[in-house]
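Heavy-atom basis, side chains included; hydrogens, waters and symmetry copies ignored. Every value quoted in this text rests on a predicted model; they were computed, and no experiment measured them. The chains referred to below are lettered A, B, ... by the order of the sequence lines, with proteins before strands, and numbering in each begins at 1.
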There are 2 protein chains.
Amino acid sequence: MVTSRDVAKLAKVSVSTVSRAFREDVYISEEKKKKVFDAAIQLGYTPNLVARSLKNQKSGVIGLILTDIDNIFFSIVSRVIESDLKRQGYRLLVTYNTYNSDNMEQEADNLNLLSASRADGIIFTPKSIKNQSIIERFRKQGIAMVQMYRLAYPDIDSVLIDDQKGAYMATKHLLQHGHRNILLLSIDNSIYQDIRVPGNIYSDPRSEGYKKAMQEEGVPIADASMMNLPVLMDAREMIKQRINEIKPTAIIAGTNLIARDAIKACKEQGFSIPNDISMVMFDDVDFASLLDITTVSQPINEIGHIAGRSMIDQLNKNRPNSPLHVSLEPILISRNSVRNLYHNADKQ
Amino acid sequence: MVTSRDVAKLAKVSVSTVSRAFREDVYISEEKKKKVFDAAIQLGYTPNLVARSLKNQKSGVIGLILTDIDNIFFSIVSRVIESDLKRQGYRLLVTYNTYNSDNMEQEADNLNLLSASRADGIIFTPKSIKNQSIIERFRKQGIAMVQMYRLAYPDIDSVLIDDQKGAYMATKHLLQHGHRNILLLSIDNSIYQDIRVPGNIYSDPRSEGYKKAMQEEGVPIADASMMNLPVLMDAREMIKQRINEIKPTAIIAGTNLIARDAIKACKEQGFSIPNDISMVMFDDVDFASLLDITTVSQPINEIGHIAGRSMIDQLNKNRPNSPLHVSLEPILISRNSVRNLYHNADKQ
DNA sequence: TTGAAAGCGCTAACAT
DNA sequence: ATGTTAGCGCTTTCAA
């Protein structure tokens, strides 16, 4: 391996001069700088970022913990974050929490791995509230942290999408079109059961938003009309059963994965959308526009930008003492998957 | 920051003993090991991977260069690779080539960044053949390398999908159903123009496979029936124009992005699939099964596993001298987007 | 089995 | 403006 010593020798300068050349230090003459660069090119020298990290006590690495569900979502977010952080001279160490294994332990492993790698900061989506002590330790060590998509630790920055609002909007939209028997398909509670922050805001936000909208219209809520589906499993049969049980006029699908299963379930039962069953789904993925489905669209790019900006601000200490919590509003993209029951029944 | 010295002091041993404890060295007694771990836990000590990297001349980091197109594809691949490499004690530094800017220079920047980070290996999708000299230098430095999805450098390991075969299968399938006027929508040649390896195998493989199948059946190929679409651009209008120009009975969409635009184009023109126009698309994404579209499915997970395995083998020097080139066969998933013209016209 | 000490490649304080 | 040198936290040779 070619080191700054080799370059120094060839350029007939000292190692500190080589170092200065590559750090755009002011205390170096153009003449020496040129000599250094010439020698460096000749030898194929690149400064060793590992050595620099050790010396500087700053790695220039940001850890990103992703999960293996919701691929599309996280692939976009990570691209945005990488690009924003690269512009500030940081690189991205990516780690995955795979679903279904021991959540808490795996998250702890990933956090510790990133800390052992001496990441200057960590951006992650909390899976549980139980790693509080690790988070606390990291905070003391001065590791910058941002949680995205879920809020588990009140003391660190967060950027989330207001899923409660999203569910509220979806429900309201359906109510306005005359639907009363609405089936909410949300994700398994177990993701949220550990993430109850004071105020209890984040215990299955979709259910909360749904209830709120229904209550505002004075529509009674049957227990069976809110369903929590296991993640990473084909939920078609469960959905079919429930449809046949409560005969909803509309379905709200809480994620694109659920929507996929729900659409297939409807099709397999011979129900057409929107003629037999109306639908509103979360996540504006490709198939939503292709199938003309009304969508609660998540501002995915913005999540990435804000998470990145939040990280940078912390690293630059441009920060108030208290954590910043950002909640992004989803938008409803209205297409042709919701039938207006008022028109048909002349109820309006 | 708590270091091995601190732990040594508290455990009343030397720093080398601490080091030995954490590397599962044989030359350490259980008794001392326990003392070390106790002290480490008490202090919250984690070995500093940066320092270890510097000393060992081995970072334990693998660089992964992704592109920002084909999100779904790469998000799956990176998850598989991360998981396989983590199991071998490596971590993943992820970088993106954004499309549309200067391909070659950006690729060079990313390669150099990874090399500066002293990545032990690099997995990437070549964008151009022009960084040969960098690749050559890395090889000499002993950086393990794997190219995936495209073969640009004959001297380094590759794992690709046989797109030519895929296009051949798609075309053959349509021919067998009586189609003769088939429009191939492929990606912009510019991606491939720099990636012509000896034998010229990789100059727009989809076109090659298409031509081969057509020629085997003795069907003449009109120039207008092969179209190369720009990436990252709404191609609907271009597609509509071409459809109206040549009135194809079937379309082959070379990627899921192209398929998305083609489906919309058909719908907007009032053509239904498969009644008016048949379709076969590449990539078995969600909307393919939802819309019941026949698909050339890429073994995405396998690409990741093989790339990871190839990397590990290189790192462990379990390798012959010559590079390994793996080509994966796509599979045709037959659904209901291809109309059988023989049945209708009684031609059979 | 354990400890002392050198050194990985870089930066920065200090000296010139 | 440039050079000398100590030291970042770890591993490893060598000696005990």
Side-chain angles (χ1 to χ4, degrees), chain A residues 1-37 39-40 43-61 89 112-113 115-120 141-143, chain B residues 1-37 39-40 43-61 89 112-113 115-120 141-143:
Chain A
M1 163 165 317
V2 29
T3 74
S4 56
R5 279 181 64 121
D6 303 321
V7 177
K9 206 169 291 172
L10 182 63
K12 296 193 202 316
V13 296
S14 72
V15 285
S16 21
T17 300
V18 175
S19 174
R20 285 183 183 110
F22 277 92
R23 286 176 304 105
E24 307 289 324
D25 197 310
V26 265
Y27 299 114
I28 187 172
S29 63
E30 283 304 319
E31 177 216 345
K32 297 257 173 186
K33 205 189 230 172
K34 189 181 176 325
K35 273 168 82 175
V36 169
F37 284 154
L43 297 173
Y45 168 78
T46 341
N48 184 332
L49 259 34
V50 172
R52 184 181 283 177
S53 296
L54 180 61
K55 175 67 200 180
N56 286 352
Q57 297 291 83
K58 181 175 180 313
S59 65
V61 166
N112 285 326
L113 179 62
S115 148
S117 304
R118 295 304 183 263
D120 299 326
Q141 289 171 9
I143 300 179
Chain B
M1 165 164 319
V2 29
T3 75
S4 58
R5 279 182 65 121
D6 303 321
V7 177
K9 206 168 291 172
L10 183 63
K12 297 195 201 315
V13 296
S14 71
V15 286
S16 12
T17 300
V18 175
S19 173
R20 286 185 182 108
F22 277 92
R23 285 177 306 103
E24 308 288 323
D25 198 310
V26 264
Y27 299 115
I28 186 172
S29 63
E30 282 304 320
E31 176 217 344
K32 297 259 173 186
K33 206 190 229 173
K34 189 180 175 326
K35 274 168 80 176
V36 169
F37 285 153
L43 297 173
Y45 168 78
T46 340
N48 183 331
L49 261 34
V50 173
R52 184 180 283 177
S53 297
L54 180 61
K55 176 67 200 181
N56 286 352
Q57 298 291 84
K58 181 172 179 315
S59 65
V61 166
N112 284 326
L113 178 63
S115 149
S117 303
R118 294 305 182 262
D120 298 328
Q141 289 170 10
I143 301 179

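Within the structure, side-chain hydrogen bond (donor to acceptor under 3.5 Å, both in side chains) contacts touching residues 13-24 of chain A (residues at least two apart or in different chains) are S14(A)-S16(A), S14(A)-T17(A), S19(A)-R23(A).
Separating the CD1 atom of I28(A) from the C1' atom of dG3(D) is a distance of 12 Å, rounded to the nearest angstrom. dA1(D) atom P lies 15 Å from atom CD of E24(A), rounded to whole Å.
When all heavy atoms of V18(A) and V13(A) are compared, the pair lying nearest together is CG2-CG2, 4.0 Å. Residues Q141(A) and G44(B) approach most closely at NE2-O, 4.4 Å, considering heavy atoms.
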Can you give me every donor-acceptor pair (side chain of residues 26-36 of chain B, partner residue at least two apart or in another chain, under 3.5 Å) with its distance?
residue : atom : partner : partner atom : Å
S29(B)  : OG   : K32(B)  : N            : 3.3
K34(B)  : NZ   : D38(B)  : OD2          : 2.8

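Considering N56(B), L54(B), L49(B) in turn, L54(B) is the only one that fulfils the side-chain contact (heavy atoms from CB on, under 4.5 Å) rule with V50(A).
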Subject >> Working for side chain to side chain contact (heavy atoms under 4.5 Å, CB included), residues S117(B) and V61(B) >> reply: CA-CA 8 Å; S117(B) 303; V61(B) 166; 5.7 Å; no
Subject >> Test side chain to side chain contact (heavy atoms under 4.5 Å, CB included) applied to N48(B) and T3(B), step by step >> reply: CA-CA 8 Å; N48(B) 183 331; T3(B) 75; over 6 Å; no
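A rotation axis mapping the C1' atoms of four pairs onto the next four is fitted at both ends of the helix from dT1(C)-dA16(D) to dT16(C)-dA1(D) over five pairs, and the angle between these axes is 40° to 10 degrees.
Among the atoms of the strands shown, none is found under 4.0 Å from any heavy atom of V50(A).
Heavy-atom contacts of chain A under 4.0 Å fall on DNA chain C between two terminal nucleotides, which in 5' to 3' order are dG9(C) to dA13(C).
Going from atom OG1 of T46(A) over to atom CE of M1(A) covers 8.5 Å, rounded to the nearest 0.5 Å.
Side-chain contact between R118(A) and S53(A) is absent, with no heavy-atom pair separated by less than 4.5 Å.
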Subject >> Letter per nucleotide, 5' to 3', of nucleotides 8-16 of chain D [B base touched, S only sugar-phosphate touched, - untouched; heavy atoms, 4.0 Å] >> reply: BBBBBB---
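Taking F22(A) as the reference, F37(A), Y45(A) meet the ring-ring contact (aromatic ring centres under 6.0 Å, His included) condition, with sequence neighbours excluded.
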